[in-house]
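A short worksheet on the structure shown next.
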Amino acid sequence: MVLASQLLRAVLQLLLLTEIPFIWYLVSCRRVSGFFQLLGLKPAARVPVRASVLIFAGFALATLLPHWCLYQTGA
């Protein structure tokens with residue numbers, strides 16, 4: 001129940017956070033090609049697969065290595 005409450009709060013905060021720039025866009029910046037362009041969010045030209053795999057592998061290594069070391073030493 002706590003998780004559902006926290007998720008609901010997070011979604012509501014996100015909506016409130018994006019509502020203010022959206023109202024500003026509607027009032028003053030309609031000449032820009034879109035709301036997400038105004039925020040600077042645009043799709044990447046291509047998916048950087050190699051970089052994504054390296055980032056994931058580094059994250060997994062940095063996360064699992066300490067657990068593995070603690071398991072091996074019995075601490």
Side-chain angles (χ1 to χ4, degrees):
M1 193 60 150
V2 174
L3 179 65
S5 174
Q6 289 179 346
L7 285 174
L8 179 63
R9 283 185 182 183
V11 169
L12 289 176
Q13 288 176 4
L14 184 66
L15 288 174
L16 183 63
L17 182 70
T18 57
E19 181 179 341
I20 296 168
F22 185 68
I23 291 172
W24 178 260
Y25 167 74
L26 289 177
V27 171
S28 65
C29 299
R30 286 201 117 171
R31 289 182 211 95
V32 179
S33 62
F35 176 64
F36 293 111
Q37 286 283 73
L38 174 71
L39 294 179
L41 299 174
K42 44 192 162 186
R46 62 180 182 85
V47 178
V49 175
R50 183 176 180 201
S52 299
V53 168
L54 288 174
I55 290 171
F56 177 75
F59 176 76
L61 185 66
T63 305
L64 296 175
L65 189 62
H67 292 293
W68 182 75
C69 289
L70 287 173
Y71 179 74
Q72 292 296 323
T73 60

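For reference, positions follow the sequence shown, starting with 1.
- Val49 belongs to a hydrophobic cluster with Val47, Val53, counting contacts under 4.5 Å between side-chain heavy atoms of Ile, Leu, Val, Met, Phe, Trp and Tyr, direct or through other members.
- For Leu41, the side-chain contact (heavy atoms from CB on, under 4.5 Å) criterion is met by Phe36, Leu39, not counting sequence neighbours.
- Trp24 is listed as a side-chain neighbour of Ser28, based on a closest heavy-atom distance under 4.5 Å.
- Residues passing the side-chain contact (heavy atoms from CB on, under 4.5 Å) test with Leu16 are Glu19, sequence neighbours excluded.
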Which atom pairs, donor and acceptor, lie under 3.5 Å between side-chain atoms of residues 62-69 and protein residues at least two apart or in another chain?
| from | atom 1 | to | atom 2 | distance (Å) |
| --- | --- | --- | --- | --- |
| Thr63 | OG1 | Phe59 | O | 2.7 |

For residues 6-14, please give each side-chain donor-acceptor pair under 3.5 Å, one per line with the distance, not counting sequence neighbours.
none

